[in-house]
Amino acid sequence: MLLDMLGPRRRRMVARLALAAILVAAVWPIAGFAEDAAPAAAAAAPAPKLDSGDTAWMLTSTALVLFMTIPGLALFYGGLVRTKNVLSILMQCFVITALVTILWTLVGYSLCFEGGGGFDSYIGTLKKAFLMGIGVDTLAPLALTIPESVYVCYQMTFAIITPALIIGAFAERMKFSAMLIFMTLWSLLVYSPICHMVWSPNGALGAGGLGALDYAGGTVVHINAGIAALASVLVIGKRKGHPTTPFPPHNMTMTITGASMLWVGWFGFNAGSAVAANGAAGMAMAVTQIATAMATLSWMGVEWIKQGKPSALGAASGAVAGLVAITPASGFVGPVGALAIGLAAGAICFWGVTGLKKMFGYDDALDVVGVHCLGGLAGAMLTGVFALHQFGGFSDAADKAGLVGQLIKQATACGVTLVYSFVASLILLKIVDVLVGLRVTDAEETEGLDTTQHNEVGYNFSA
Amino acid sequence: MLLDMLGPRRRRMVARLALAAILVAAVWPIAGFAEDAAPAAAAAAPAPKLDSGDTAWMLTSTALVLFMTIPGLALFYGGLVRTKNVLSILMQCFVITALVTILWTLVGYSLCFEGGGGFDSYIGTLKKAFLMGIGVDTLAPLALTIPESVYVCYQMTFAIITPALIIGAFAERMKFSAMLIFMTLWSLLVYSPICHMVWSPNGALGAGGLGALDYAGGTVVHINAGIAALASVLVIGKRKGHPTTPFPPHNMTMTITGASMLWVGWFGFNAGSAVAANGAAGMAMAVTQIATAMATLSWMGVEWIKQGKPSALGAASGAVAGLVAITPASGFVGPVGALAIGLAAGAICFWGVTGLKKMFGYDDALDVVGVHCLGGLAGAMLTGVFALHQFGGFSDAADKAGLVGQLIKQATACGVTLVYSFVASLILLKIVDVLVGLRVTDAEETEGLDTTQHNEVGYNFSA
Amino acid sequence: MLLDMLGPRRRRMVARLALAAILVAAVWPIAGFAEDAAPAAAAAAPAPKLDSGDTAWMLTSTALVLFMTIPGLALFYGGLVRTKNVLSILMQCFVITALVTILWTLVGYSLCFEGGGGFDSYIGTLKKAFLMGIGVDTLAPLALTIPESVYVCYQMTFAIITPALIIGAFAERMKFSAMLIFMTLWSLLVYSPICHMVWSPNGALGAGGLGALDYAGGTVVHINAGIAALASVLVIGKRKGHPTTPFPPHNMTMTITGASMLWVGWFGFNAGSAVAANGAAGMAMAVTQIATAMATLSWMGVEWIKQGKPSALGAASGAVAGLVAITPASGFVGPVGALAIGLAAGAICFWGVTGLKKMFGYDDALDVVGVHCLGGLAGAMLTGVFALHQFGGFSDAADKAGLVGQLIKQATACGVTLVYSFVASLILLKIVDVLVGLRVTDAEETEGLDTTQHNEVGYNFSA
Amino acid sequence: MKKVEVIIKPFKLEEVKEALAEVGIQGITVSEVKGFGRQKGHKELYRGAEYVVEFLPKVRLETVISDDKLDAVVKAVLKAASTGSIGDGKIFIIPVEEAIRIRTGETGDNAVR
Amino acid sequence: MKKVEVIIKPFKLEEVKEALAEVGIQGITVSEVKGFGRQKGHKELYRGAEYVVEFLPKVRLETVISDDKLDAVVKAVLKAASTGSIGDGKIFIIPVEEAIRIRTGETGDNAVR
Amino acid sequence: MKKVEVIIKPFKLEEVKEALAEVGIQGITVSEVKGFGRQKGHKELYRGAEYVVEFLPKVRLETVISDDKLDAVVKAVLKAASTGSIGDGKIFIIPVEEAIRIRTGETGDNAVR
Ligand SMILES: Nc1ncnc2c1ncn2[C@@H]1O[C@H](COP(=O)(O)OP(=O)(O)O)[C@@H](O)[C@H]1O
Ligand SMILES: Nc1ncnc2c1ncn2[C@@H]1O[C@H](COP(=O)(O)OP(=O)(O)O)[C@@H](O)[C@H]1O
Ligand SMILES: Nc1ncnc2c1ncn2[C@@H]1O[C@H](COP(=O)(O)OP(=O)(O)O)[C@@H](O)[C@H]1O
């Protein structure tokens, strides 16, 4: 079914590469089981107790972040492609949601958050595969006032949106089957280790390791997805007609609707990352709102000056840029920091989707690199500045590290994410290309992915 | 206004049938007032106290479930009909929301949840008609940590979505006036008793009676709506042109958007059914997510194999099937049960909308029977399996009843719902048909319901 | 950039008017700083403590109210204009969201809610400009169980939606630049004082002053926006072709979707105004739902009788009318009051958009006056009735004032809002007209705002 | 050769297409048009403003045929498209000087066969 | 009989239709088209990529009339559709050999009356 | 004068337009149509119900030209529009009796220049 016809020579190559893939895939689990180290951080506290308010907010946050992917991101991206490919975008977001949910249940959660194995700096163990041991009354080890089931769901929504972000880059030309295989591998082999390194108590990059600050996913989600997006367009190549033919959005109302949903849902993303309904969540919400607004105006202003008119797509892109950039900072910076981060994000990402993209000429269809990778980098670095109390922030750790010290930590975490995700994504894409072929045929691309991949069309207004 | 021209003979018939209808309608209230039995279950506890966290989550859940009907279900269904009928769908969902809200305020809530009458096994009393006696500080008798006002609203959203589900079956051909009358009767005479029997403390089918498990509405909502849908298509007949003419969806992007909203909103449906922000809610959310994801993949897989390509409509339908099937189970089963239920639901409902429908040839326009009735049945029965601890579940009651015992209880509850709802719906539809005529004229059907029923059109892109 | 070419004579006039504007603008801040009066109401209580449940609900409510503007209101309005202007509506809602967020952060919040200055009856001070002094752990002075950061965000969403409501009136003909300048001035010089007068502890109209009841913004939001809308259409004039050419909605599905989102989001608006997750919030949710449903049916009924068929636009408009009218009442009235208010609102606003509008002949494009101003007035007055215990309400203050007494208070608050907002809006609009010109050219209006203001088009289905 | 332009009610498209197929016509180009004629449009109401939809949705079929098929085509259309009620539409016959199949370069009757 | 094909700016549709009604024309078929001519399109920008919309929205009216009405029709259209600015459009006159009213089978001038 | 009507595959529009521009044609009217011919449509499936999309999206270009340009135009279109695969479309040539530029009132060849 999934495998296209292959000649004997090619088949042998496939076999070899598949073997390699399996080996790589096998490393983590084995690593995970290697050693059952001592019980993790938490423990010892004065008998943890579920807090219904915190739980209420985290249940809500989970819904909000899921809402970001479906329908939020699906609509944001869907409106930007040509009519003939709109369903392929919606379908990919929808099915990635399903796929990652299952992967997360099987092993993803455990690999990301169940530490204590021999490679605890890099990856978790498989002790909680199939969510084993998580009962109705189990509290989340990393957030002792809410049930672990809620924590599993909340983190799952992050694991869902990250690969979904990538599809914007290779939109309008990747085979559906190839996309599924790639995302399965990517979720397990790229998302899991990065997530573990940054957010697990003993992860190499986070609080228990290097000490880089990433409140809600600047590295884990945005830089990670953004650089994988770059890898994907380098491997799959440009769309037919790029850059001579214009590919104007087929439905800007859909895109603005999606952007609005992303904005609203992002409150779950950032304020939810407090894993509690408290002042930290409140401040995270406030700075998210402020940075996003500022970035919207910033992008709009630059566009108005540079191109004569402010566009709706510009405003929406600015908002997303602001949301991306404030993500790593949202638990550490104050309102003034948020204004600064928003201002910078709008302008920088504007350049990302115009200047930078033109400079290198890659065909990042929906600007995942320019907005998510660049915005994520800007946010991560500026977090290193505005998290300090002297710049209106709240991070004692950053104060201790000092401006330069913290910036180095931030840069290191960005660098590791960039390199690991880029290289691993490249390898996985090549493997998938050999296995089933990444790209649809020219004729299919011309006809559109909706009919060729899914046997459907988006609109039938005259039916 | 509402009554069409009738000949004298027909008018007499109408009168007689109307009388019958009124009698039927009168039974419940009279029954309700009959006897003011002893105070219901609750009481005696150590002075119940409002919990702000539980209340926060239930306020949110109420918003989420309302969101499922408008705009969720409205868009999901609206995208599937032909352009000329899109507003009729949106309008029906919207007005059912309004209508049922008023009915619920007047008598519905009281009939469903205010027990203590002489027929307490089957229907409530009218003591809380007009929400009498519910003040700002009244706590919900059945959920003592939240205000009764919130409980009223939360349960109201279930009473809203259930009739709204039915409209998918008779879409594109029922008169708006007929729909209003039918839904008024159905809400009072079918929804109320079924809801009371399953969820009221002394109801015949639920915990205080037979002991069938239905956490969030497998019988009350889905089987109930699904079988009424079947009744409706049998009475109203096929759309003109069925099955020779194809009726492709006019706007799949709308349908996917709606499906996504249903998915997100369903967290309020299932996790909200814990009526608290605790581990039970968390686990309900987790299994909802897992089963839905699995059903999406399951439907997609079967479709891919059987029909060569996976469609967006298939993925969305699979998700809804999974959501339906996990609904009765969501408070009782664990992650592994959820995987199994999802897997089954996707495949079974796929067969429901292809095999089963073709077999019998009824024109269930948007597949309410195949997805909601069948999915509800599958979910209800599998609840009887996976609620047991030995299959990863959490229900002591099920353990006590044993696998076979619990399955018999589940089957009984399903059976009662199927028979009562089907027969009552048939009768009500016949009555409405005689009163005002169920179906628009051929010419109106050809022209479309939007202009003929509502004087409007969905789209005016060239205006 | 923003200033169009002006002749020397006109330029002088601009200079003079700009000076006037600056003076007006300067009054408030100066007033604000004048005197640092004694600490506000609160204080003295038994050590206030954050409540995670209340906080959870207010975080959620904030998301819900933001959701009302983007995408809710944007879609509701966007569907009603002609295709060539759809993006201008979406863009205006989106950018107003960003703009007001920044204004609110800089000075708006402080002007509205930081009392204690010399003009405390009318306007706040600038002590909390830039949200100075608000830390992670600061509790909201006016709601001591939640963080002030959350209170800032929640109130911000009200400050956002109010100007966004106005754009419906002057839709399809105002310059984007003029809209930005007008909204900046309006937000600071009209919204701030009205908000302060009604909701600040020492405000002239609210509990600490006159004693008018406005739970969630009947005067502050709806009458205020509605009368400013009237001012705007009087200044900018009719659309080309009005009233001979019809301007049918270009996408009713978008409008119904938006109306549905408004309905759901309004739970945050009204139930959120309890600033807690308790019985008051629950009852506010219940009456909101009931009044909205009733108004939907009421408008539908009147339309059905008067115009022969019930339309989807009618149902949606009725719902919005009900939501508007219950807004000031939602914390004071019971279910029966809600039924009455809904019934009245539907019928009155129907007349507002048909009778009243025709009578005076103004071109209020999307009926902001007929729905928001009129609905707000109806709601405010009826609050004075149904807030009394004898009419099923809960307000001791209203009981004390007596029916006539309370009605006079309500009428006074309405009157002050009407006069101040109307006059101030007129002046600001004239100033902006002189500065940059309010209206696009005839040719631009014919071509549409999307291409002429934003260089984009809404739909490109054939691309 | 002739071009036969037919304006019909939208829901007749399928039938007319089949009727044409029966008389051996395989090449048809269809477009959505709006018709203005004796058949009057319906009223729509938007918030009390009455809006008469004067232009009714119609479908236009065009087929270029060799002269010898003209009669059969006209008869087929007449039969399939007629409902007897106002607004059924029109058939127009227009001379065509040349037809060319782009793929092969064939001309004349061969191009439309 | 003649077919008069008119390409105009969209917002002129109402006026042209009324002008035609005044000279006794009741049957018109209208379609949306895109025009490419001397009038240049506007630029749209998407994230820095410039996109020239070369094809402008136009409306095409077609009406088949008896020969004697030709002059009146052309004059009516010229007057109603002209704005004097570039892009006003064109009138084309094409011979029609036959017209048939589907409902009644009437042919010739009777069919288009 | 002649009207050249060309039915092509949608994605060929840009090329054909440019080819026409090269031979000096500047006025073109384009419309979206659906074609029914030898090229068979694809199947779509909705919940198990198979739905054959018989009408394929095509684009129609119309240009009215003076007789002397006819050959060049036909050649240009043939070259630009052909992919060699079925469904490439057709060219039809129809006599035009008169053309008028609405803006100026110019007639005949001047109107289409
Ligand atoms: N003279 C004409 N020229 C072009 N199209 C016409 C003409 N007369 C009628 N039509 C088209 O035919 C359709 C049907 O015509 P109408 O007058 O409503 O009814 P009937 O065909 O029964 O006489 C119209 O909507 C219009 O599209
Ligand atoms: N030779 C032609 N053949 C077909 N359509 C034409 C021709 N010339 C112009 N048109 C149509 O008329 C419209 C207006 O023509 P244009 O050259 O822009 O301005 P004008 O009519 O003022 O000369 C074009 O957009 C096109 O639709
Ligand atoms: N006789 C005809 N009259 C009008 N349009 C035709 C005719 N024949 C073909 N067409 C149009 O040309 C398109 C292509 O024709 P088709 O038969 O599929 O392939 P080919 O052009 O390669 O012969 C059709 O989709 C239809 O729109």
Side-chain angles (χ1 to χ4, degrees), chain A residues 1 50-60 62-63 66-67 69-71 74-75 78 86-88 90-91 93-95 97-102 105 130-131 134-139 146-153 156 176 251 254 277 450 453-463, chain B residues 51-57 60 64 82-83 145 247-253 256-257 259-261 263-265 267-268 271 276-283 285-286 289-290 292-297 300 304-305 307-313 315-316 318-319 334-336 338-339 394 459 461:
Chain A
M1 181 79 343
L50 183 143
D51 180 288
S52 65
D54 291 350
T55 303
W57 172 235
M58 294 316 295
L59 287 163
T60 306
T62 304
L66 179 61
F67 188 62
T69 307
I70 52 165
L75 294 177
V86 59
L87 287 186
S88 79
L90 302 190
M91 176 80 171
C93 285
F94 205 87
V95 173
T97 302
L99 177 70
V100 174
T101 296
I102 300 307
T105 305
F130 282 83
L131 308 184
I134 302 178
V136 170
D137 299 321
T138 320
L139 296 182
I146 68 165
E148 184 161 11
S149 54
V150 176
Y151 194 77
V152 168
C153 289
M156 181 195 292
F176 184 66
N251 189 343
M254 189 183 259
D450 289 0
Q453 303 295 296
H454 308 297
N455 243 345
E456 294 175 291
V457 292
Y459 310 94
N460 253 318
F461 287 126
S462 55
Chain B
D51 181 289
S52 65
D54 291 351
T55 304
W57 173 236
T60 306
L64 284 171
R82 287 165 290 173
T83 306
T145 61
F247 304 113
H250 90 282
N251 189 344
M252 270 305 298
T253 72
I256 302 293
T257 305
S260 303
M261 289 172 170
W263 189 332
V264 174
F267 284 165
N278 57 16
M283 190 53 85
M285 180 180 267
Q289 177 72 12
I290 293 168
T292 306
M294 199 63 227
T296 305
L297 300 181
M300 187 178 88
W304 206 332
I305 292 166
Q307 307 187 332
K309 287 178 190 175
S311 72
L313 179 55
V336 175
L339 286 171
F394 309 119
Y459 309 93
F461 286 126

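Quantities reported herein were computed from a predicted structural model and do not represent experimental measurements. Residue numbers start from 1 in every chain, and the chains themselves are labelled A, B, ... in the order their sequence lines are given, proteins ahead of strands.
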Between V457(A), L90(A), V150(A), the one whose heavy-atom pairs under 4.5 Å with chain B are most numerous: L90(A)
Most contacts with chain B, counted as non-hydrogen pairs under 4.5 angstrom, among G53(A), A63(A), G135(A): A63(A)
With a 4.5 angstrom heavy-atom cut-off, could you sort out which part of [X] is near chain B: side chain, backbone, both or neither?
X       : answer
M58(A)  : neither
L75(A)  : side chain
L59(A)  : both
N455(A) : both
P71(A)  : both

Is there a side-chain contact between [X] and [Y] in this structure, where contact means two heavy atoms from C-beta onward sitting under 4.5 Å apart?
X       : Y       : answer
L313(B) : L87(A)  : no
W304(B) : F176(A) : yes
L297(B) : V95(A)  : yes
V152(A) : M283(B) : no
S149(A) : M285(B) : no
F94(A)  : T296(B) : yes
P249(B) : E456(A) : no
H250(B) : F461(A) : yes

Which atoms form the tightest heavy-atom contact between [X] and [Y], and what is the distance?
X       : Y       : value
I290(B) : T105(A) : CG1-OG1, 3.4 Å
L50(A)  : A277(B) : CD2-O, 3.7 Å
Q289(B) : M156(A) : CG-SD, 3.3 Å
A286(B) : C153(A) : CA-SG, 3.3 Å
N460(A) : P248(B) : ND2-CB, 3.7 Å
A293(B) : I102(A) : CB-CD1, 3.9 Å

Partner chain A: residue of T257(B), D51(B), V264(B) with the largest heavy-atom pair count (under 4.5 Å): V264(B)
Region of P310(B) that comes under 4.5 Å of a non-hydrogen atom in chain A: both
Part of T60(B) lying under 4.5 Å from any heavy atom of chain A: side chain
Interatomic distance, W263(B) atom CH2 to I70(A) atom CD1 [nearest 0.5 angstrom]: 5.0 Å
CE-CE distance between M91(A) and M300(B), expressed to the nearest 0.5 angstrom: 6.0 Å
